[in-house]
Amino acid sequence: QALEKDRLEREEQERLWFERERKAQEETERRKREEEEKKTVKERDSVKSNEGDEGWEYVEEGPAEIIWQGNEIIVRKRRVKVPRAAHDVVSFGDDANRPTSNPLPPQSAVFAEHKNHVASHAISTVYDAIEQNPNFGTEQDKTHCPFHIKTGVCRFGVRCSRAHVYPEKSCTLLMKNMYNGPGLAWEHDEGLEYTDEEIAEHYREFYDDVHSEFLKFGELINFKVCRNASSHLRGNVYVHYQSLDSAVAAYNGMNGRFYAGKQITCEFVGVTRWKVAICGEYMKAHHRSCSRGTHCNFLHCFRNPRGEYEWVEWDAPPPRSWQAKMDKLFNLKRV
């Protein structure tokens with residue numbers, strides 16, 4: 001009798017276990033059916049909403065949301081309703097600017113004429129963009145990088161999400177990281193190594209040496225050296241010429257030369273409005289400080305010896321004494 005009782009208990013336990021397993025499987029299948037039905041209804045509603053919203057489409061925006069469900073990982077993104085983009089068919093047969101022959105050799109006169117035409121076409125394209133977009137170069141302009149337009153550089157470099165405009169030719173030259181003397185902003189205090197007088201003396205020697213070399217190619221509007229701590233602005237030298245021919249001559253004469261053991265690399269930038277390029281708070285503080293610190297994305301420049309080119313920071317004309325000096329140096333006769 002004891003054996004028969006044990007056998008019956010085991011059979012009852014097995015029956016209860018199988019019953020629990022059957023109910024669990026039925027519950028799992030029911031949940032799967034409910035999820036599939038919800039998914040089908042959601043897709044149907046989405047299709048209906050898309051059909052009702054002609055001219056609109058849904059795009060994914062923002063960072064992805066990662067959801068863990070057991071051993072399954074679900075990645076979701078927020079969907080935003082935006083106007084449907086017009087997909088125009090590009091007809092290469094009607095494009096007048098498409099290439100029709102092999103490129104010209106770079107040493108030929110025809111290539112030089114073609115290059116000048118391309119440069120003028122690029123400049124006209126920039127002016128067309130300015131006319132079409134009233135917010136060109138501002139924070140409201142979501143296409144072009146405002147800092148690259150104002151300062152000629154961007155802390156994101158090629159990784160920037162906005163477009164950078166690189167002119168073929170310009171009146172302003174940029175030599176990145178050319179100045180490497182004392183006075184540049186470091187993470188640690190420099191006051192223990194150099195006094196303000198020593199920094200001013202080192203910069204005066206650099207200014208007199210480099211400024212005189214660039215002045216040989218033509219009259220200058222501005223000469224500035226950055227002392228920011230950020231790598232894309234640190235030690236940058238900006239030289240703004242009065243004429244485009246002088247800037248091109250300076251580019252051809254200075255690019256590739258060596259100064260203080262470093263090779264000079266020149267590039268053209270479209271910086272012409274220095275009042276918006278230089279940090280206004282830094283200027284009002286008499287070239288001392290800025291609330292953004294040394295990593296400010298606007299220019300923190302050294303003060304030039306004898307106060308030269310300080311009038312450019314306020315978009316003011318040069319003094320008559322400076323104009324007379326330039327007239328005598330370049331034999332100019334102003335009307």
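Residue numbers run from 1 in the order of the sequence given. The basis for the numbers below is simple: all heavy atoms, side chains too, and nothing from hydrogens, waters or symmetry mates.
For the ring-ring contact (aromatic ring centres under 6.0 Å, His included) test, residues two or more places apart in sequence or in another chain that qualify with Phe268 are Tyr251. Take Gln25 and apply the side-chain contact (heavy atoms from CB on, under 4.5 Å) test, not counting sequence neighbours, and it matches no residue. The salt bridge (Lys or Arg N to Asp or Glu O under 4.0 Å) search around Glu36 returns none, not counting sequence neighbours. With sequence neighbours excluded, the residues that form a salt bridge (Lys or Arg N to Asp or Glu O under 4.0 Å) with Arg204 are Glu201, Asp208. Legend: residues meeting side-chain contact (heavy atoms from CB on, under 4.5 Å) with Met254, ordered by chain and number and at least two apart, are Glu213, Phe214, Phe217, Arg257, Ile264, Cys266. Every residue two or more places apart in sequence or in another chain that forms a side-chain contact (heavy atoms from CB on, under 4.5 Å) with Glu19 is listed here: Arg22, Lys23. Partners of Glu9 according to the salt bridge (Lys or Arg N to Asp or Glu O under 4.0 Å) rule, which considers only residues two or more places apart in sequence or in another chain, do not exist here. Judged as a side-chain contact (heavy atoms from CB on, under 4.5 Å), and not counting sequence neighbours, the contacts of Arg31 are Glu27. Listed by chain and number, the residues in a side chain to side chain donor-acceptor pair (under 3.5 Å) with Arg20 amount to none (sequence neighbours excluded). With sequence neighbours excluded, the residues satisfying side chain to side chain donor-acceptor pair (under 3.5 Å) with Arg7 are Glu4, Glu11.
When hydrophobic side chains of Ile, Leu, Val, Met, Phe, Trp and Tyr are connected at separations under 4.5 Å, Trp17 ends up clustered with Phe18.
Sorted by first and then second residue, the side chain to side chain donor-acceptor pair (under 3.5 Å) pairs with a member in residues 275-284 read Glu281-Ser291; sequence neighbours excluded.
One hydrophobic cluster, built from ILVMFWY side chains closer than 4.5 Å, cannot hold both Leu299 and Phe156; they sit in different ones. Tracing side-chain contacts under 4.5 Å through hydrophobic residues (I, L, V, M, F, W, Y), one never reaches Val312 starting from Val276; they form parts of separate clusters.
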Apply side-chain contact (heavy atoms from CB on, under 4.5 Å) to residues His148 and His164 and explain how you reach the verdict. CA-CA 6 Å; His148 191 272; His164 292 173; 3.7 Å; yes
Chi angles and distances behind the side-chain contact (heavy atoms from CB on, under 4.5 Å) call for Leu215, Phe223: CA-CA 10 Å; Leu215 197 59; Phe223 184 96; over 6 Å; no
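Residues Lys176 and Val153 meet the side-chain proximity criterion, which asks for heavy atoms closer than 4.5 Å. Looking at heavy atoms from C-beta onward, His211 lies out of side-chain contact with Asn304 at the 4.5 angstrom threshold. Between Tyr203 and Pro305, the closest side-chain pair of non-hydrogen atoms falls below 4.5 Å. Between Cys301 and Arg227 there is no side-chain heavy-atom pair separated by less than 4.5 Å.
Annotation for Arg306: atom CZ counts as buried by contact number, over 12 foreign heavy atoms lying within 6.0 Å.
A distance of 7.5 Å separates CG of Asn177 from OG of Ser231, quoted to the nearest 0.5 Å. To the nearest 0.5 Å, atom CD of residue Glu310 and atom CG of residue Asn222 are 10.5 Å apart.
Not one N or O on the side chain of Asn228 forms a donor-acceptor pair closer than 3.5 Å with the backbone of Arg234. A distance-only check finds a donor-acceptor pair linking the side chain of Thr172 to the backbone of Val271 [under 3.5 Å].
Across all non-hydrogen atoms, the minimal contact from Gln263 to Gly256 is NE2-O, 3.3 Å.
Counting only N and O atoms by type, the side chains of Glu308 and Tyr207 include a donor and acceptor under 3.5 Å apart.
Between Phe302 and His202, a ring centre-to-centre spacing not shorter than 6.0 Å is recorded. Residues Trp314 and Trp274 place their aromatic rings such that the two centres sit no closer than 6.0 Å.
Screening Asn236, Val225, Asn255, Val239 against Met175 for a side chain to side chain contact (heavy atoms under 4.5 Å, CB included) leaves a single residue, Val239.
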